Amino acid sequence: MIPNSPDGATQLEIFKKMALLKGNDERSRKVISTGRLVMPYYSYRGQEVIPSALAVNLRDTDYLCTIYRGIHDMLAKGLPLRDLWAEVAGRVHGTCKGKGGPMHLTDVAHGVMVTTGIVGASMPIANGLAWASQLRKDGRVAVATFGDGASNIGAFHEALNLASVWKLPTIFLCQNNRYGEHTKYATATGAAKISDRAIAYGIKGIHVDGNDPIAMYNAAREAVEHARAGNGPVLIEAMTFRFHGHVFGDASKYIPKEEMAEAIANDPYPRFRTKLIDDCIATEAELAAIEADVETRLDDAVDYALASPFPGLEEVNTDVYGAAA
Amino acid sequence: MIPNSPDGATQLEIFKKMALLKGNDERSRKVISTGRLVMPYYSYRGQEVIPSALAVNLRDTDYLCTIYRGIHDMLAKGLPLRDLWAEVAGRVHGTCKGKGGPMHLTDVAHGVMVTTGIVGASMPIANGLAWASQLRKDGRVAVATFGDGASNIGAFHEALNLASVWKLPTIFLCQNNRYGEHTKYATATGAAKISDRAIAYGIKGIHVDGNDPIAMYNAAREAVEHARAGNGPVLIEAMTFRFHGHVFGDASKYIPKEEMAEAIANDPYPRFRTKLIDDCIATEAELAAIEADVETRLDDAVDYALASPFPGLEEVNTDVYGAAA
Amino acid sequence: MSDSQPNQITVLEAYRQALMDAMTDDGEVLVLGEDIADPEEGGVVGITKGLSSKFGDLRVRTTPIAEEAIIGAAIGASLVGFKPVAEIMLMNFTTVAMDMIVNHAAKLRYMSGGQTHCPIVIRTMTGAGMSTGGQHSDYYEAWFAHTPGMKVVCASTTEDAYGLLRSAIDDPDPVLMIENLPIYWTKGPAPVPGHRVPLGKAKVVVPGTDLTIVSYSRTVLESLGALQALGEAGISAEIIDLRTIQPWDQETVLASVEKTGRLLVAHEAVVPFGAGAEIAAVVQEKLFGKLKAPVMRIGASFNPVPFSKPLEAEHITDAAKIAKAASALMKK
Amino acid sequence: MSDSQPNQITVLEAYRQALMDAMTDDGEVLVLGEDIADPEEGGVVGITKGLSSKFGDLRVRTTPIAEEAIIGAAIGASLVGFKPVAEIMLMNFTTVAMDMIVNHAAKLRYMSGGQTHCPIVIRTMTGAGMSTGGQHSDYYEAWFAHTPGMKVVCASTTEDAYGLLRSAIDDPDPVLMIENLPIYWTKGPAPVPGHRVPLGKAKVVVPGTDLTIVSYSRTVLESLGALQALGEAGISAEIIDLRTIQPWDQETVLASVEKTGRLLVAHEAVVPFGAGAEIAAVVQEKLFGKLKAPVMRIGASFNPVPFSKPLEAEHITDAAKIAKAASALMKK
Ligand SMILES: Cc1ncc(C[n+]2csc(CCOP(=O)(O)OP(=O)(O)O)c2C)c(N)n1
Ligand SMILES: Cc1ncc(C[n+]2csc(CCOP(=O)(O)OP(=O)(O)O)c2C)c(N)n1
Ligand SMILES: [Mg+2]
Ligand SMILES: [Mg+2]
């Protein structure tokens with residue numbers, strides 16, 4: 001692990017992304033609960049640090065394959081708010097013309113290549129993108145994000161092993177929020193640590209507190225440098241927690257009250273916010289301004305989305321096949 | 001590992017099985033090359049020690065799920081020669097009435113529950129048999145055999161993890177013969193040792209020389225005792241080699257001559273045979289008698305098989321569904 | 001809600017009741033799947049709620065997210081006399097377990113020459129209309145119906161949900177039970193405990209004289225929804241709920257079409273190479289020269305399920321589209 | 001052998017030549033699969049022999065035994081402009097990769113609103129007759145033809161093997177190329193380099209007047225084998241090689257059946273819910289009232305492929321059975 005912590009500007013960058021992610025999640029749940037939008041929504045509140053600290057180590061041209069619980073990953077990677085909101089509202093101005101929706105966003109311009117609703121599927125596909133980088137020698141890395149539960153499905157195993165023997169620049173980022181749907185980590189997972197599974201593939205494994213922006217930044221940086229340098233894949237297990245259940249409407253009854261309370265008490269967002277002020281990296285006013293700006297942009301994005309038209313019905317069976325050569 | 005070696009009687013038992021397996025493999029290749037039978041045949045010559053040393057630690061009631069290269073596993077477990085030969089000859093007196101063939105033998109009476117032609121598939125099914133034992137508390141263990149290449153497929157991962165969290169009495173026996181079809185171990189497998197993969201599931205892993213009957217006996221005994229005692233699954237990686245290519249007709253051009261020569265020079269069969277004589281466990285005459293007996297039984301089984309009728313054509317679409325309750 | 005009306009329960013409750021009763025009647029019935037035990041709230045929609053508390057966590061077992069392992073475990077236990085009911089949460093996830101289902105569960109009886117067999121039930125839910133997009137609501141019944149050794153059933157009522165699941169559990173072969181998610185919360189009469197609905201028997205839901213509409217799963221309710229419009233157009237439709245797709249009840253369907261002379265097959269799956277094609281192929285053969293019009297088929301538009309609400313609505317086989325297709329068929 | 005006759009090569013060599021030429025013409029064509037590189041002897045039957053030596057081991061890559069990883073890698077590379085040809089050794093092993101094929105390759109274009117697409121080819125071999133038993137010779141073309149976004153092709157000659165594979169590689173969508181194993185070593189004219197056979201176009205192999213036999217893959221050769229017996233019975237059969245199953249050439253088939261008035265669909269897959277059902281369903285609709293007899297179908301018996309030689313022979317759709325079915329159809 002690289003011990004030294006990122007400079008103030010970088011820390012502020014990370015915070016800016018965290019503020020955007022947190023604000024977007026809160027807005028999403030508000031818009032749904034007030035009935036303005038209907039969509040299956042997988043809140044990532046509590047997991048903001050991971051993609052934020054990763055993204056500052058990535059380039060626009062790097063590839064991302066994420067999952068249904070992945071809007072935080074995409075926003076951190078650069079997915080524009082208006083495109084996101086128009087998509088989750090099912091409108092024609094959405095990134096996927098409304099055809100994909102919240103579980104299937106794609107935004108090639110920012111490297112958001114695949115969003116899958118199938119547990120484990122982000123990993124084998126990320127390998128193909130990493131293979132492309134290897135062939136083109138363009139130095140890109142491919143990041144596949146997934147959850148703790150996904151580390152028990154066959155696709156995880158096949159993908160990490162292939163990445164190892166092909167020495168691919170794939171970063172397998174496991175966001176371990178301790179639960180897979182309603183199932184506890186230990187009920188489903190035989191490994192003491194998911195990062196230990198790197199041994200099974202002879203690859204680099206990193207275990208990190210995904211709620212600590214500095215530690216997460218260093219872990220991500222180490223992984224990205226390792227992969228970019230052509231040293232092969234990395235498995236990162238970033239420990240975190242989700243505050244609002246598996247999917248919107250889930251009351252998390254399967255989570256012990258104390259566990260939830262303790263997790264929320266350790267909410268990484270206010271902790272990092274306070275740290276930035278204590279370390280004189282930013283003032284309360286500056287951070288408040290960042291947060292206010294997020295709200296303004298969200299107002300704009302939501303209004304834009306809801307004002308955007310639905311796709312025409314003729315769109316229902318277009319984009320199924322391309323025009324044959 | 002249990003250091004002490006099995007008594008002479010047990011060693012002789014292991015040898016008897018090895019003699020049967022070796023004789024059967026040689027006879028199979030002879031019968032095919034002389035055109036008396038047509039079948040896809042996956043020679044196990046060189047791998048006889050593994051199932052022989054395992055089987056003396058098993059009961060008839062223990063379960064076995066094996067693979068296309070599994071006739072050695074089945075014979076060691078007790079599959080009668082006549083039933084085997086009638087099946088691979090496609091005759092109605094075969095264990096499966098000729099419908100299964102060499103890749104799909106089943107012999108419930110001796111615990112040979114499934115033989116699959118799908119790489120990796122023996123493992124998830126063995127878990128179900130182990131679950132049955134756990135439910136019935138009948139102390140049975142379920143053994144799934146598979147190859148080194150199979151340790152890279154998703155089913156391996158899913159099965160070992162499930163066995164771990166369910167604490168199943170499943171023994172995952174990997175017969176590492178260094179090649180998967182034409183592909184070298186290192187070309188396909190990221191792990192330094194397949195037994196290291198046990199770490200990924202928090203289960204017991206054993207790495208053993210599968211060509212050393214004593215070491216293999218102790219490894220199998222340790223695994224069987226562990227599983228029977230309710231301590232959960234075990235992954236055994238038994239190192240070995242196959243002398244006659246992947247499938248009958250494969251000239252093994254992808255195997256370096258020296259590697260093949262060295263492996264054959266270390267043929268475990270003559271080595272163990274000599275050891276038994278040197279250790280005064282048996283005389284040359286006694287071992288020769290065992291081998292002669294194997295030939296006699298093979299003569300009988302082959303004749304029986306070839307004299308046995310083919311199934312009637314009406315059998316083509318029976319056994320597809322049972323009679324509904 | 002289930003007690004808001006006397007003797008009325010939801011389809012979801014009917015499935016749960018069937019599992020409860022089957023596990024009570026037969027100690028060899030097992031249940032496994034993701035999140036299905038009570039510490040995990042008895043499943044994501046609560047169908048298996050109460051089972052693990054009542055029957056213990058060895059018989060009712062939450063699994064990792066590992067569909068191959070789930071079906072494999074069900075197969076293994078079934079080979080030695082257990083009757084596992086495995087839940088694959090959504091039908092799209094059966095794609096992960098296809099090898100276990102198709103190469104093993106469906107074939108072991110045959111490949112073993114009848115020495116073993118796999119009395120397992122695979123319960124899975126699906127169905128468009130919930131805005132879940134392209135990977136959560138497909139119907140693949142045609143794949144499994146094309147697989148020798150498999151049986152495939154779909155229920156559209158509380159009584160069939162209960163009775164078909166009980167029969168599927170009794171059945172000596174692998175049965176795929178496809179449950180429609182959107183209709184889980186519709187209500188109907190509470191099934192008689194122990195009631196069985198035989199596999200392979202269709203049901204004439206509404207008798208009619210002008211044309212036959214064969215459908216199953218949610219699409220039966222959509223077909224019923226088309227009745228009023230058809231009635232107003234003076235068309236008397238006979239509605240048949242196929243209930244079992246493999247093996248399907250040719251006798252009942254042929255008798256009906258012989259009477260009406262017209263057949264519309266309606267299902268939620270896309271039309272090309274769908275289950276409707278088999279029904280059309282058999283009917284045109286068996287009733288050649290007796291049909292007043294060609295057998296017509298209606299199903300979802302040929303594309304993945306879209307997220308956007310208007311597109312999703314356009315995609316689905318609903319009552320209005322069925323009424324339109326039926327009227328068009330009358331004019332042929 | 002390939003030079004035993006001038007300009008004659010085997011079907012196997014035609015596939016190899018197509019891969020060679022495609023990789024030479026287009027640097028973005030990649031090949032991956034188990035044992036496919038030259039250190040592994042260029043595949044278990046040698047189809048990819050020579051490719052890795054010529055194009056390097058980054059473009060031609062042997063994989064672990066991991067079908068999900070194979071298709072996933074193909075998909076990922078295809079999203080950014082490569083044209084991967086992934087080999088799934090045998091069709092039964094596609095069951096391991098169904099999620100990648102059906103939920104991803106076939107859907108990414110649609111779900112991304114056209115931002116990305118998957119120009120991949122999946123080559124797989126299958127076919128009964130080699131005594132490989134129940135898990136090595138199934139035909140699942142109907143599953144993939146039922147999947148929006150997928151294309152499915154089958155060749156029965158050297159020229160189609162070459163031309164269809166070249167077109168499949170050019171195609172912007174995922175194409176499943178089903179290769180029949182038993183006919184790999186049959187010979188035919190060496191294809192013209194660069195020759196393309198358009199997807200979606202059937203071929204009238206033998207013109208006839210009394211009935212139409214539509215088939216594909218090895219079954220085309222079996223249909224041709226039935227010609228003599230049919231001729232002796234005074235029956236003039238028109239033989240059509242469908243070549244592409246999805247999208248299939250309705251125009252050519254309908255024109256032929258309109259002429260003959262009779263259709264027999266013959267394929268190696270089992271009949272119920274098979275591809276023949278779709279063809280029958282469309283033809284009975286489009287040619288209602290114009291048919292002299294019902295559309296008939298013939299395929300393998302409804303069971304897994306048996307090992308025992310006589311049973312395997314009984315199971316397969318061969319020339320004799322096709323001739324018998326065609327004659328019976330003439331009597332209807
Ligand atoms: C193959 C497959 N099986 C089951 C599901 C249903 N499912 C959706 S999310 C989920 C839990 C995943 O948990 P985890 O990997 O920890 O990710 P998290 O949701 O916690 O971020 C499950 C079981 C699925 N989408 N795909
Ligand atoms: C899912 C699947 N993929 C590919 C194959 C083709 N195949 C049969 S055996 C084999 C090699 C297996 O190697 P290994 O696991 O080492 O076992 P061995 O044959 O060496 O005993 C392969 C690739 C298969 N049978 N199943
Ligand atoms: Mg999780
Ligand atoms: Mg091997």
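So you know, we letter chains A, B, ... as the sequences are listed, proteins then strands, and number each from 1. Just so you know, these numbers come straight off a predicted model, no measurement behind them.
- Among C:F93, C:F288, C:W248, the residue with the largest count of heavy-atom pairs under 4.5 Å with chain D is C:F288.
- Highest contact tally toward chain D, considering only C:I245, C:V96, C:V271, C:T94, is held by C:I245 [criterion: heavy-atom pairs under 4.5 Å].
- Environment of NZ in D:K292: crowded, with over 12 heavy atoms of neighbouring residues, nucleotides or ligands closer than 6.0 Å.
- Within a 6.0 Å radius of NZ in D:K321, other residues, nucleotides and ligands contribute more than 12 heavy atoms.
- Comparing D:A269, D:P306, D:S301 by heavy-atom pairs within less than 4.5 Å of chain C, the highest count is held by D:P306.
- Separation of atoms CD (D:Q284) and CD (C:Q284) is listed at 5.5 Å; rounding is to 0.5 Å.
- For chain D, the nearby part of C:V102 is the side chain; its heavy atoms alone come within less than 4.5 Å.
- Closest non-hydrogen pair, D:N303 versus C:Y110, comes out as ND2-OH, 3.5 Å.
- Counting heavy-atom pairs closer than 4.5 Å to chain D, the top residue among C:A97, C:A106, C:P272 is C:P272.
- Applying a 4.5 Å heavy-atom cutoff, the residues of residues 135-148 of chain C that approach chain D are C:Q135, C:D138, C:Y139, C:Y140, C:A142, C:W143, C:A145, C:H146, C:T147, C:P148.
- Most heavy-atom pairs under 4.5 Å with chain C, from the set D:E68, D:M296, D:K286, D:M100: that is D:M296.
- Chain D forms more heavy-atom pairs under 4.5 Å with one residue of C:V305, C:L291, C:I101, C:L287 than with any other, namely C:L291.
- Heavy-atom pairs under 4.5 Å with chain D were tallied for C:R297, C:E285, C:K332, C:E278; the largest tally goes to C:E278.
- Contact between C:G134 and D:M111 at its shortest, heavy atoms only, is CA-SD, 3.9 Å.
- No donor-acceptor distance shorter than 3.5 angstrom exists from the side chain of C:N92 to the backbone of D:N103, with no hydrogens or angles considered.
- The parts of D:V282 that come within reach of chain C are both its backbone and its side chain, each placing non-hydrogen atoms under 4.5 angstrom from that chain.
- In the displayed structure, C:Q250 atom CD is contacted under 6.0 Å by more than 12 heavy atoms of other residues, nucleotides or ligands.
- Highest contact tally toward chain C, considering only D:G274, D:A293, D:G289, is held by D:A293 [criterion: heavy-atom pairs under 4.5 Å].
- Taking C:I279, C:V283, C:V270 one by one and counting their heavy-atom pairs under 4.5 Å with chain D, the maximum is reached by C:V270.
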